[in-house]
Amino acid sequence: MADPIDVLEQEAVAALEAAGDPDALEAWRIEFLGSKGRLKAMMSTMRDLGPEERPVFGERMNRVKESLQAAFKQRSTASADAIPPMDVTEPGTTSDLGQRHVLTRTIDEVVDVFGRMGFSVEEGPEVEDEWHNFVALNIPEHHPAREPAENFFLGNGNMLRSQTSTVQIRVMEHAPPPLKIITCGRVYRPDTHDATHYSMFHQVEGLCIDRNITMIDLKTVLFQFARACFGPEAEVRMRPSFFPFTEPSAEVDMKMKIKGRWQWVELGGCGMVDPNVLEAVNIDPEEWSGYAFGLGIERIAMRRHGIADIRWLYENDERFLRQF
Ligand code: DAH
């Protein structure tokens, strides 16, 4: 008759061999090594033996138990290595979805509105030379706009551009008229930061050069923009002003409803491109004329969304940014 300990051990080894996944391994552990398992059950038969047989029996049982425990441990680690510890029925963790910054969205909307009026989008460098930032724009040597206190000069005649009007020059240098472009981008001025000033902000610049362009065309485009941006009752007002690169020049105000109240808000400047500017880029002012405008993107975004402090736009506080 076969030895019952040998039989149990052989069965256990064969069953362990057959246990193919973590559930089967656990079932095996319970069946053989568990507190109500088959090894325990056999151990309890020891009381039926005579006193001289007991130690031999106990020692054999212990050896079998230890060897099965070791075999189980080895099988478990091998199976843990083979099967990735992943439960596909777990709900999982979601990561937060980000969203575009309110200024980025405003720029996209501005581009969309002017795009529908036939303007194409151009870009220019933020590190500029004084020729594009001043000279070609008819801003002479001792003009206050060239003050070191008003600009970030970098040396070697370079600077951080103080206005996107630079892109007018870059476009006209490379493409012959007719032209109808806008550009949106950052500009830099060493302003002290407060609720309405920051040393970096964004502008949208427009330029249209063609034959027989008048200020009516300019006002029409600004008017359409105002209505698209601030609603069907928005208005545009042009106040006579001075910019070196336009003649005549005007400040642009738009009338919009803010918290239920109609208000005029100054958004930038505009005018008819000065003949000196056209000549600087070898465009004949007798044949071509045009208009230009520059509006503050932050002002547009702040008025549209009721943002009271420009600094909030750059603090990257999610509690603020998530509102839009
Ligand atoms: N560049 C001007 C500024 O930063 C804004 C401006 C005024 C742009 C008149 C223009 C313009 O194109 O015609 O204050």
Side-chain angles (χ1 to χ4, degrees), residues 107-141 143 145-146 156-188 202-225 228 236 238 241-250 252 267-297:
I107 289 171
D108 288 350
E109 286 159 12
V110 165
V111 165
D112 180 58
V113 171
F114 283 113
R116 283 186 275 145
M117 290 192 274
F119 288 82
S120 59
V121 179
E122 294 287 342
E123 279 184 47
E126 290 175 26
V127 173
E128 260 299 2
D129 51 53
E130 292 185 37
W131 196 77
H132 288 90
N133 202 89
F134 298 128
V135 181
L137 286 165
N138 203 30
I139 302 175
E141 190 81 42
H143 192 280
R146 295 179 73 151
N156 306 329
N158 285 335
M159 60 184 296
L160 296 177
R161 69 179 177 195
S162 64
Q163 50 186 353
T164 44
S165 306
T166 52
V167 183
Q168 292 184 29
I169 303 301
R170 291 202 169 263
V171 168
M172 289 190 288
E173 277 173 334
H174 294 113
L179 294 165
K180 202 173 174 190
I181 64 100
I182 58 159
T183 186
C184 294
R186 297 189 189 98
V187 299
Y188 301 85
H202 298 71
Q203 291 183 325
V204 50
E205 185 89 14
L207 174 74
C208 172
I209 306 286
D210 208 330
R211 296 189 171 89
N212 307 316
I213 295 288
T214 72
M215 256 182 136
I216 302 291
D217 302 305
L218 169 59
K219 190 162 185 184
T220 303
V221 159
L222 293 173
F223 178 75
Q224 298 286 10
F225 173 76
V236 170
M238 283 151 75
S241 185
F242 174 80
F243 295 100
F245 31 89
T246 42
E247 181 60 38
S249 302
V252 181
L267 286 185
C270 68
M272 302 306 290
V273 178
D274 193 292
N276 289 343
V277 173
L278 296 176
E279 272 166 5
V281 288
N282 296 317
I283 292 176
D284 181 2
E286 297 298 327
E287 187 181 353
W288 303 97
S289 61
Y291 60 78
F293 56 86
L295 311 176
I297 301 270

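Computation of the quantities below employed the complete heavy-atom set of this structure, encompassing side-chain atoms and omitting hydrogens, waters and symmetry-equivalent molecules.
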Requested in this report: Please test N138 against E247 for side chain to side chain contact (heavy atoms under 4.5 Å, CB included), starting from the C-alpha separation and ending with a verdict.
Outcome: CA-CA 11 Å; N138 203 30; E247 181 60 38; over 6 Å; no

Report task. For F134 and S162, work out which heavy atoms get closest and say how close. Result -> CE2-OG, 4.5 Å

Query raised in the report: Taking C-beta and beyond as the side chain, do C270 and L222 meet within less than 4.5 Å on heavy atoms?
Result: yes

Report task. Look only at the side chain of N158 and the backbone of V127, and say whether a donor-acceptor pair between them is shorter than 3.5 Å. Result -> no

Query - L137 and F243, any side-chain heavy atoms less than 4.5 Å apart - result: no

**Report entry** Gap separating the CG atom of D274 from the CD atom of E279, nearest 0.5 angstrom
**Finding:** 9.0 Å

Query - Contact summary for Q168 and G206, nearest pair of heavy atoms - result: NE2-O, 4.5 Å

Query raised in the report: Once you round to the nearest 0.5 Å, how far does CD1 of I297 lie from CZ of R186?
Result: 12.0 Å

Query raised in the report: Quick one: does E126's side chain have a donor or acceptor within less than 3.5 Å of a partner on R161's backbone?
Result: no

Report task. Look at atom CG of N212 and say whether more than 12 heavy atoms of other residues, nucleotides or ligands are closer to it than 6.0 Å. Result -> no

Query - Listed once per pair and sorted, the salt bridge (Lys or Arg N to Asp or Glu O under 4.0 Å) pairs that draw on residues 168-184, sequence neighbours left out - result: E128-R170, D129-R170

Query raised in the report: Taking the side chain as C-beta and beyond, is there a heavy-atom pair between V111 and C184 under 4.5 Å?
Result: yes

Query raised in the report: OG1 of T246 to CG of N276: how many Å apart, nearest 0.5 Å?
Result: 11.5 Å

Report task. List the atom of P248, the atom of M215, and the distance in Å for their closest heavy-atom pair. Result -> CG-SD, 3.8 Å

**Report entry** Side chain E205, main chain S165, donor-acceptor under 3.5 Å
**Finding:** yes

Query - I213 and M272, any side-chain heavy atoms less than 4.5 Å apart - result: yes

**Report entry** Candidate pair V281 and I169, rule side chain to side chain contact (heavy atoms under 4.5 Å, CB included), full reasoning
**Finding:** CA-CA 7 Å; V281 288; I169 303 301; 3.9 Å; yes

Requested in this report: Using the six-membered ring wherever Trp is involved, compare the ring planes of F293 and F119 and label them parallel, tilted or perpendicular (cut-offs 30° and 60°).
Outcome: perpendicular

**Report entry** Closest non-hydrogen atom pair, F225 against M117
**Finding:** N-CE, 4.0 Å

Query - Nearest heavy atoms of P177 and I209, plus distance in Å - result: CB-CG2, 3.7 Å

Query - Heavy-atom check, side chain of M172 versus side chain of L278, under 4.5 Å - result: yes

Query raised in the report: Can you name the nearest heavy-atom pair linking R146 to P140, along with the distance?
Result: CD-O, 3.1 Å

Query raised in the report: Can you pull the side chain to side chain donor-acceptor pair (under 3.5 Å) pairs that have at least one residue in residues 285-294, sequence neighbours excluded?
Result: R211-E287

**Report entry** Residues T183, V121; criterion side chain to side chain contact (heavy atoms under 4.5 Å, CB included); working and verdict
**Finding:** CA-CA 6 Å; T183 186; V121 179; 5.9 Å; no

Report task. Please check if the side chain of T166 supplies one atom and the backbone of H132 the other of a donor-acceptor pair under 3.5 Å. Result -> no

Query raised in the report: Going through the checks in order, is the side chain to side chain contact (heavy atoms under 4.5 Å, CB included) test met by V167 and E123?
Result: CA-CA 7 Å; V167 183; E123 279 184 47; over 6 Å; no

